[in-house]
Amino acid sequence: MPRPRLLPPFLRQLGGDPLGLGRAAQSARSQRLEPRTKTADRVVQSICPYCAVGCGQKVYVKDEKVVQIEGDPDSPISRGRLCPKGAASEKLVNSPMRETKVRYRRPGGTDWEDLSLEQATDMIAERIIKTRQETWEEETDDGKPLKRTLGIHWLGGATLDTEENYLIKKFFTAAGALSIENQARI
């Protein structure tokens, strides 16, 4: 147990900490504090979800709950720094207002309904297939091949890595889409 601090901080500075950056600035309470990251079970490397920069993050997890998110000093992009939004990512993850289910509002509807992830994925796949069939252009009026659809467009998110963008580009190109873009390039 640390000794009680009887001297005021200014006098403690004179005792070997002239800038007041070390023990001279500590109170009895701050001497007992430990960083939230010290008790974490594991650290997971991640990428900030907010913009196209892709700053590296270290996500500290304890009992399967995110307890802290900090900048990753090993990231060649951000070198350990995060903007205010990236630094507040832990609040995004742990917010009681965070949606954790797929929400769907039917065309013309006024209320949201919960769907399973499988049902939502099937709905998306069915709509892609249907749109491709309805908007497919095999050839021009004079018989020149087109083999395309103008009914499907894709805008990728900023947190997708190069490999994911490569696979998405391949998939939508194979489906005949022409309008394929990634937010990181915009």
Checklist entry - Within the distance-only criterion (no hydrogens, no angle test), does the side chain of Gln57 pair as donor or acceptor with the backbone N or O of Gly86 below 3.5 angstrom? => result yes
Item to check | Expected output: side-chain Asp114 to main-chain Lys101 donor-acceptor under 3.5 Å | outcome: no
Next on the checklist: I need the Thr131 OG1 to Ile129 CD1 distance, nearest 0.5 Å.
Outcome noted: 10.0 Å
Checklist entry - Looking at CD1 of Ile168 and CH2 of Trp154, how far apart are the two atoms once the value is rounded to the nearest 0.5 Å? => result 4.5 Å
Item to check | Donor-acceptor contact present, side-chain Thr140 to main-chain Lys144, <3.5 Å | outcome: yes
Item to check | Separation between CZ of Arg127 and CD1 of Ile124, rounded to the nearest 0.5 Å | outcome: 8.0 Å
Item to check | Side-chain heavy-atom pair Thr135, Leu150 within 4.5 angstrom cut-off | outcome: no
Next on the checklist: Minimum heavy-atom separation for Ser46 and Val59, please, with both atom names.
Outcome noted: CB-CG2, 3.8 Å
Checklist entry - Should the pair Glu138-Lys147 be classified as a salt bridge under the 4.0 Å nitrogen-to-oxygen rule? => result yes
Checklist entry - What heavy-atom pair brings Pro73 and Lys58 nearest, and what distance separates the two atoms? => result CD-CE, 4.1 Å
Item to check | SB check Glu181 Lys169 (cutoff 4.0 Å) | outcome: no
Checklist outcome for this item: Note: Ala120 and Val102 closest approach over all heavy atoms is CB-CG1, 3.6 Å
Next on the checklist: Measuring only between side-chain heavy atoms, which start at C-beta, is Val44 closer than 4.5 Å to Val61?
Outcome noted: yes
Checklist entry - Nearest 0.5 Å, what's the OG-CG distance between Ser89 and Leu82? => result 7.0 Å
Next on the checklist: Distance check, rounded to the nearest 0.5 Å: Lys62 atom NZ versus Thr39 atom OG1?
Outcome noted: 5.0 Å
Item to check | Working for salt bridge (charged side-chain N to carboxylate O under 4.0 Å, His left out), residues Arg103 and Glu99 | outcome: CA-CA 8 Å; Arg103 306 296 312 265; Glu99 291 289 349; 3.6 Å; yes
Next on the checklist: If you compare all heavy atoms of Met123 against all heavy atoms of Leu115, which two are closest, and at what distance to 0.1 Å?
Outcome noted: SD-CD1, 3.6 Å
Checklist entry - What are the two closest heavy atoms between Leu92 and Arg98, and how far apart are they? => result O-CD, 3.4 Å
Checklist entry - Has Asp142 got more than 12 heavy atoms of other residues, nucleotides or ligands less than 6.0 Å from its CG? => result yes
Checklist entry - What about Tyr166 and Phe171, same hydrophobic cluster or not, with Ile/Leu/Val/Met/Phe/Trp/Tyr joined at side-chain heavy-atom distances under 4.5 Å? => result no
Next on the checklist: Check whether Asp63 reaches the backbone of Lys65 with its side chain - one donor and one acceptor, N or O, closer than 3.5 Å.
Outcome noted: no
Checklist outcome for this item: For Ser78 and Asp72 the tightest heavy-atom approach is OG-O, 4.3 Å
Item to check | Heavy-atom donor-acceptor pair, Arg132 side chain to Ala175 backbone, under 3.5 Å | outcome: yes
Checklist entry - Would you say Tyr104 has more than 12 foreign heavy atoms packed within less than 6.0 Å of its OH? => result yes
Checklist entry - Would you call Lys130-Glu126 a salt bridge at under 4.0 Å N-O? => result no
Next on the checklist: Within the structure provided, determine whether Thr149 and Ile152 are in side-chain contact (heavy-atom separation under 4.5 Å).
Outcome noted: yes
Checklist outcome for this item: Taken to the nearest 0.5 Å, the spacing of Thr173 OG1 from Lys170 NZ works out to 7.5 Å
Item to check | Charged N-O contact under 4.0 Å between Arg148 and Glu137 | outcome: yes
